[in-house]
Amino acid sequence: MTDKIQFPKDFVWGAATSSYQIEGAWNADGKGESIWDHFCHTPGKVKDGETGDLACDHYHLWPEDIKMMKELGLKAYRFSIAWPRILPEGRGAPNAAGLDFYSRLVDGLLAAGITPFVTLYHWDLPQALQDAGGWPARATAETFVEYADVVSRRLGDRVKNWITHNEPAVVAWLGYHTGEHAPGLQDLNAAIRASHHLLLSHGWAVPVLRRNSPGAEVGITLNVGWTMAASNSAADLDLARQVDGMWARWFTDPLYRRGYPADMTADWTASGTLPNGLDFIQPGDMQAITVPTDFLGVNYYTRAVVRSETADRVGAAQNDPQAVFPAPKDPKHWSEMGWETYPEGLLGVLGRLYFDYQPLKLYVTENGASYSAGADADGHIRDTHRLNYLRGHFAACHRAMQAGVPLAGYFAWSLMDNFEWAFGYSQRFGIVWVDFTSQKRIPKDSALWYRQVITDNGFEA
Ligand code: FCB
């Protein structure tokens, strides 16, 4: 027996991308260098030396891409703006060609009946600002507000959904602590400062966006995974607390009026990471960060099962997927990123965020899976694992809504295969295939199935 899963009439079905991952045209029409241009052009940083110089060439192919979105029935499109296209040096005189590009894109989307959701910062900081200190410097937060002002003055009459930041945790921790992402620094103290200035810039930008874009809804997007200890050993439980503290609570707590989590500050003080404490917090900062927003965006991909090297392993495997699915990992349950498919985690995350923090509403602003399945002899792309991944996560969204979570929409990551950061082009997250030589786009079976879900506003479970 099958059950029909039906979504509410106004549910927003969309797909997401980001500027650096799809646009290409890295130095066209007056665009300045971003930290990702710089990082990719530095040997040894990205797999196989790949870059976003051309990517999906969306900067030139956007009219076709809008047509494709329309054919797929998408109701909304989440994309980001490349700050150095607008302000090549980070601040100062705007580059008219950059603003024109996004203005035409927005007009094209609206003409196609697709609602634009604009992310201001999806990681491509102007290199000039990094040279002046980057996110660890407070001045970068001030500059972000100037940038938000310039963009929203131009687009605010037509764009009514704004996301200040995408995944500030990834920006801070991968950019300034592990160094896997641009700008590639390895300094936890600098990363903690960066996290504060990212949140502060969000808080300061929200009123500017509201002023320039009357009636708009404004929010921020966080990556919140589902963190579980591999066992009930004290060491595993404590490590899970730390991982959740660093990746989730360090951001959710200050945004929702709780300040920075005391356990994390205590850990970092004990380890000597914060010799001057949280001296970068100035009067009024925490108040600014808790500015009311209209929604919280959540990017969810997988769960994290956390095992401490020092845990007592006797009888300790109950949550450990390595024990449940021994290597080689079954692609039904594990994507090519090595991420486990765990839709229950999305249900958990949505419930936790809503019941614990009470955002007015939520969007899933990213969710998807990397599988490289390409065309069969008949030209079809049978990306069954991705289709099943989406189906499971749609069902989780529906269950969350039944439990009372005000989930307003879902954006698949990604509209099309693109440049996957440090992994280059080796990871394909698109519901549409991209041939990176011919720039041809081919909707995969997952996209065709998604189109049907959107048309029916539901599916047979
Ligand atoms: C998220 C990013 C997005 C994409 C996916 C796979 O962390 O926001 O740009 O890389 O992961």
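Indexing begins at 1, ligand by ligand and atom by atom, following the structure's order.
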Are side-chain heavy atoms of Asp356 and Arg258 found at a separation under 4.5 Å? yes
Would you mind running through ligand 1 and noting each atom that sits below 4.0 Å from a heavy atom of Phe429? 6 (C)
With a 4.5 Å limit on heavy-atom distance, are the side chains of Met416 and Arg441 in contact? yes
Indicate whether any N or O donor in one side chain lies under 3.5 Å from an N or O acceptor in the other, for Thr17 and Tyr77. yes
Could you check whether Tyr102 and Trp62, counting side-chain N and O atoms only, form a donor-acceptor pair closer than 3.5 Å? no
Contact region, Met337 to ligand 1, non-hydrogen atoms below 4.0 Å, reads neither
Scanning both residues in full, the closest heavy-atom pair of Gly368 with Tyr301 reads O-CD2, 3.2 Å
How far is atom 2 (C) of ligand 1 from its nearest protein heavy atom, and which residue and atom name does that atom have? Glu366 OE1, 3.3 Å
Using distance alone, determine whether Trp421 and ligand 1 share an N or O pair under 3.5 Å. yes
Can you name the atoms of ligand 1, numbered from 1 with element, that are less than 4.0 Å from a heavy atom of His122? 2 (C), 3 (C), 8 (O), 9 (O)
Looking at atom 5 (C) of ligand 1, what's its closest protein heavy atom, distance included? Tyr301 OH, 3.3 Å
Partner of His165 by ring-ring contact (aromatic ring centres under 6.0 Å, His included), out of Phe251, Phe144, Trp83: Phe144
Looking only at heavy atoms, which two atoms of Val298 and Val224 are closest? And how far apart? CG1-CB, 4.4 Å
Please could you name the atoms of ligand 1 that Trp123 approaches to less than 4.0 Å, counting only its heavy atoms? 2 (C), 7 (O), 8 (O)
Given that the side chain starts at C-beta and the backbone is N, CA, C, O, which of these parts of Gln427 lies under 4.0 Å from ligand 1, counting heavy atoms, or is it both or neither? neither
For Trp413, the ligand 1 atoms with a heavy-atom partner under 4.0 Å come out as 3 (C), 4 (C), 5 (C), 6 (C), 9 (O)
Report the relative orientation of the aromatic rings in Phe429 and Trp339; use parallel for angles under 30°, tilted for 30 to 60°, perpendicular for over 60°. tilted
Mode of Asn166 contact toward ligand 1 - side chain, backbone, both, neither (heavy atoms, under 4.0 Å): side chain
Have a look at Glu167, Glu420, His181 and point out the one with the heavy atom closest to atom 7 (O) of ligand 1. Glu167
